[in-house]
Amino acid sequence: MIKNYLQWAENKPTQKSSTHFNQKGAAILATDLLKSYFEKGLIRQARNLFDEMPERDVVAWTTMISGYTYCSEYTHAWCVFVDMVKSENEPPNAFTISSVLKACKGMKSVFCGGLVHALAIKRRLVEGFIYVDNALMDIYATCGVSMRDACVVFHDIKEKNVVSWTTLIAGYTHRGNSSRALQIFREMLLEGAEMNPHSISIAVRACASIGSENLGRQIHNAVIKQGFESDLPVMNSILDMYCRCGCLSEAKKYFNEMSEKDLITWNTLIAGYERSDSIEALFIFLQMESDGFSPNCFTFTSLIAACANLAALHCGQQVHGGIFCRGLNGNLELSNALIDMYAKCGNIFDSHKIYSEMSCRNLVSWTSMMIGYGAHGYGKEAVELFDEMVRSGIRPDRVVFMAVLSACSHAGLVDQGLRYFNCMMDDYHIKPNQEIYGCVVDLLGRAGRVEEAYQLIRSMPFMADESVWGALLGACKAHNLSKLGKLAAKKALALRPNMVETYVMLSNIYAAEGEWGEAARMRKMMKRAGCKKEAGRSWIEVQNQVYSFVVGNKKGSHIEWVNEVLELPGRHMKEAGYVPELDCLIHDQEDGT
DNA sequence: ATAGGGTTAG
């Protein structure tokens, strides 16, 4: 190996005029070669060369550490650093420290980061060595328990630069504290630090995650003014911001104007459309493929979610096939999306199959499976899964409590559900939000414990919103409690006067009591509030086509045989002795919906 | 000759 590089070195003209190699020149050339080996992914060759080098100076050691890190071999990088410190010949310099800190970040080891920090203090390589200070901030911000240590380092930096600010902002954003991140972004501008593409893209991401369209637009204007429109990460984050703020047509406009696009650009737009127009998301994917891009895990996750939203089982299965072909089926997020898709398409067994074949799971995996079970009426299974999850050492969050509570509600496991509600507050100190209260009201209400549900609302530490009152209203309607029902409906309407369902329900309560005048008055109020009831729409997939239909749908090319299919469950229900309860039907409006 | 922060997935 060493012969190789000497041969190579001899053929390469040196910048220096010296005609022969001294040791120093050879070492420099060896380090050069070391670097280019890593850049080509030739890790083995780099290691052999390093092992054969007679003199290894601090630069060579540092090149090894950053080379391994470049190739994502973080543990190897760390081992080189340990060997270097042990050998005591070449003490690490600021370059070494910042390189090895990046390796610590790759290992997600704040412990190793702390050791390096201690060594850096001992060798007086902190405060004033901006690369070291910024790298320290970065490891504490990304891997620390909180932002505290990162802040301590930040405040001790006398001359902060854009990188210091950006690292701090990114730390808060990635931890989900985007408003703090944006505060710091403002502070940065006030202190006179100039924004650059890096700081802009993280600030825009923060805007996107809290839906701050206003600030997002301001930053977009600044981007145009300063000519950063050609920077891909910047434009991708702006695209994402418009998507998350619900400005899809604008997002598409800027997408079309982009001269250069990468896979992330396409993925961002597909994910944006998936949330509100899943069919369009699938069309954009087809365009993406004809543009020569191949899908990755991110693309597939959005496509699977789109199929889930559309309840398009066949399409979802085809996408699943594509995932398999590319060997992407081990991806955690993708598996989570598949669990959800199969459950939403009515195929709970395939959902469970994906779940059970996963080699590692996160909170989302468990939650998706529980939501699936709950929606299919498998309350007991959801409850068992929840207990198993807690036993396996995963700490539940509000979303998974929501999943298990809603499963209990649908399966009529009232006391079980109430136990989880109390456990959430007492053992995990999670404060219930509107959604959780709504779920518990629903849980009590379905079981006929409507008075208890009302008392729960009265005991809430904040004002119940229209969805909580709506849950109570539903319970009142199911159990014919007209007095409390009227109260719930009025409360809900006071909070959201344009909720059609509430008017219809209230009107129906009056109608059921024979108070036709009041019932008609509600209808008029509803018209005045300018709202119209969306017809309840159902859909069915037959032979790779999704058909949607409403009650009383008569014309259409395919509706006749869809109706035929639909008669089957009706017949089964009749055979089982089911008698429809006619006074529960929502009274039709004049326009026939 | 060796070191930096940014974009997509519930």
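All chains are named by letter (A, B, ...) in the order of the sequence lines, taking the proteins before the strands, and each is independently numbered beginning at 1.
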* Let me know the distance between CD1 of Ile238(A) and P of dT8(B), rounded to the nearest Å. => 13 Å
* Hey, is the side chain of His174(A) poking within less than 4.0 Å of OP1 or OP2 on dT7(B), counting only N and O atoms? -> yes
* **All pairs passing side chain to side chain donor-acceptor pair (under 3.5 Å) where residues 133-142 of chain A contributes a residue, at least two apart** => Lys105(A)-Asp138(A), His117(A)-Tyr140(A), Asn134(A)-Asn161(A), Asn134(A)-Ser164(A)
* Asked: Base, sugar-phosphate, or nothing: which does Val162(A) touch, judged by heavy atoms less than 4.0 Å apart?
  -> base
Identify all side-chain donor-acceptor contacts of residues 293-302 of chain A below 3.5 Å with residues at least two apart in sequence or on another chain.
from      : atom 1 : to        : atom 2 : distance (Å)
Asn296(A) : OD1    : Asn267(A) : ND2    : 3.1
Asn296(A) : OD1    : Phe298(A) : N      : 3.1
Asn296(A) : OD1    : Thr299(A) : N      : 3.2
Asn296(A) : OD1    : Thr299(A) : OG1    : 2.9
Thr299(A) : OG1    : Asn267(A) : OD1    : 2.7
Thr299(A) : OG1    : Asn296(A) : N      : 3.0
Thr299(A) : OG1    : Asn296(A) : O      : 3.4
Thr301(A) : OG1    : Cys297(A) : O      : 2.7

* **Closest to side chain of Val399(A), choosing from dG4(B), dT2(B), dG10(B)** => dG10(B)
* So what does Ile202(A) hit on the nucleic acid, given a heavy-atom distance under 4.0 Å: a base, only sugar-phosphate, or nothing? -> sugar-phosphate
* Structure fact -> note: Ile139(A), atom CD1; dA3(B), atom P; distance rounded to Å ~ 18 Å
* Using atom CG of Asn309(A) as one end and atom C1' of dG10(B) as the other, report the distance to the nearest whole Å. => 12 Å
* Asked: How long is the line joining CD1 of Ile284(A) and C1' of dT8(B), in whole Å?
  -> 14 Å
* Asked: Is a side-chain N or O of Asn309(A) found less than 3.5 angstrom from the main chain of Glu274(A), in a donor-acceptor match?
  -> yes
* What's the CE-P distance between Met241(A) and dG6(B), to the nearest Å? -> 20 Å
* With Glu289(A) via salt bridge (charged side-chain N to carboxylate O under 4.0 Å, His left out) - residues at least two apart -> none
* Closest to side chain of Thr167(A), choosing from dG5(B), dA3(B), dG6(B) -> dG5(B)
* Taking the side chain of Ser237(A) as heavy atoms from C-beta outward, which of dT7(B), dG5(B), dA3(B) is closest to it? -> dT7(B)
* Structure fact -> Rounded to whole Å, the CG-P distance (Asn331(A) to dT8(B)) equals 16 Å
* Asked: Looking across every strand, which nucleic acid part, if any, lies under 4.0 Å from Thr31(A) by heavy atom: base, sugar-phosphate, or nothing?
  -> base
* Asked: Would a line drawn from the ring center of Phe285(A) to the ring center of Trp266(A) be shorter than 6.0 Å?
  -> no
* Asked: Touch check for Asp231(A), heavy atoms < 4.0 angstrom, all strands: base, sugar-phosphate only, or nothing?
  -> base
* Asked: What's the closest nucleotide to the Glu274(A) side chain, out of dG10(B), dA3(B), dG5(B)?
  -> dG10(B)
* Asked: Contact class for Asp262(A) vs. all strands (heavy atom < 4.0 Å): base, sugar-phosphate, or nothing?
  -> nothing
* Spacing between Leu29(A) atom CG and dT2(B) atom P, to the nearest angstrom -> 13 Å
* Classify the side chain of Ser99(A) and the base of dA3(B) as holding, or not holding, a donor-acceptor pair under 3.5 Å. => no
* Closer than 4.0 Å, any side-chain N/O of Lys102(A) to the OP1 or OP2 of dG4(B)? -> yes
* Yes or no on ring pair (Phe, Tyr, Trp, His ring centres under 6.0 Å) for Phe81(A) and Trp61(A), after CA distance, side-chain angles and deciding distance? -> CA-CA 8 Å; Phe81(A) 177 71; Trp61(A) 282 101; 9.6 Å; no
* Structure fact -> Against the side chain of Ile264(A), the closest entry in dT7(B), dG6(B), dT2(B) is dT7(B)
* **Those residues of residues 289-306 of chain A lying under 4.0 Å from DNA chain B by at least one heavy atom** => Phe298(A), Thr301(A)
* Could you state the NZ-C1' distance from Lys35(A) to dA3(B), rounded to the nearest angstrom? -> 11 Å
* Polar side-chain contact Ser201(A)-dG6(B) base: donor and acceptor under 3.5 Å -> yes
* Structure fact -> Applying side-chain hydrogen bond (donor to acceptor under 3.5 Å, both in side chains) to Glu260(A) and not counting sequence neighbours gives none
* Just checking Asn336(A): base, sugar-phosphate only, or nothing, at a heavy-atom cut-off of under 4.0 Å? -> nothing
* Asn161(A) (side chain) and dG4(B) (base): donor-acceptor pair under 3.5 Å -> yes
* Structure fact -> Hits for salt bridge (charged side-chain N to carboxylate O under 4.0 Å, His left out) against Lys86(A), two or more places apart or cross-chain, chain-then-number order -> none
* To do: Walk me through it: do Ser209(A) and Ser178(A) pass the test side chain to side chain donor-acceptor pair (under 3.5 Å)?
  => CA-CA 7 Å; Ser209(A) 56; Ser178(A) 293; 2.7 Å; yes
* Asked: Within the structure shown, what part of the strands sits under 4.0 Å from Val204(A) by heavy-atom distance: base, sugar-phosphate, or nothing?
  -> nothing
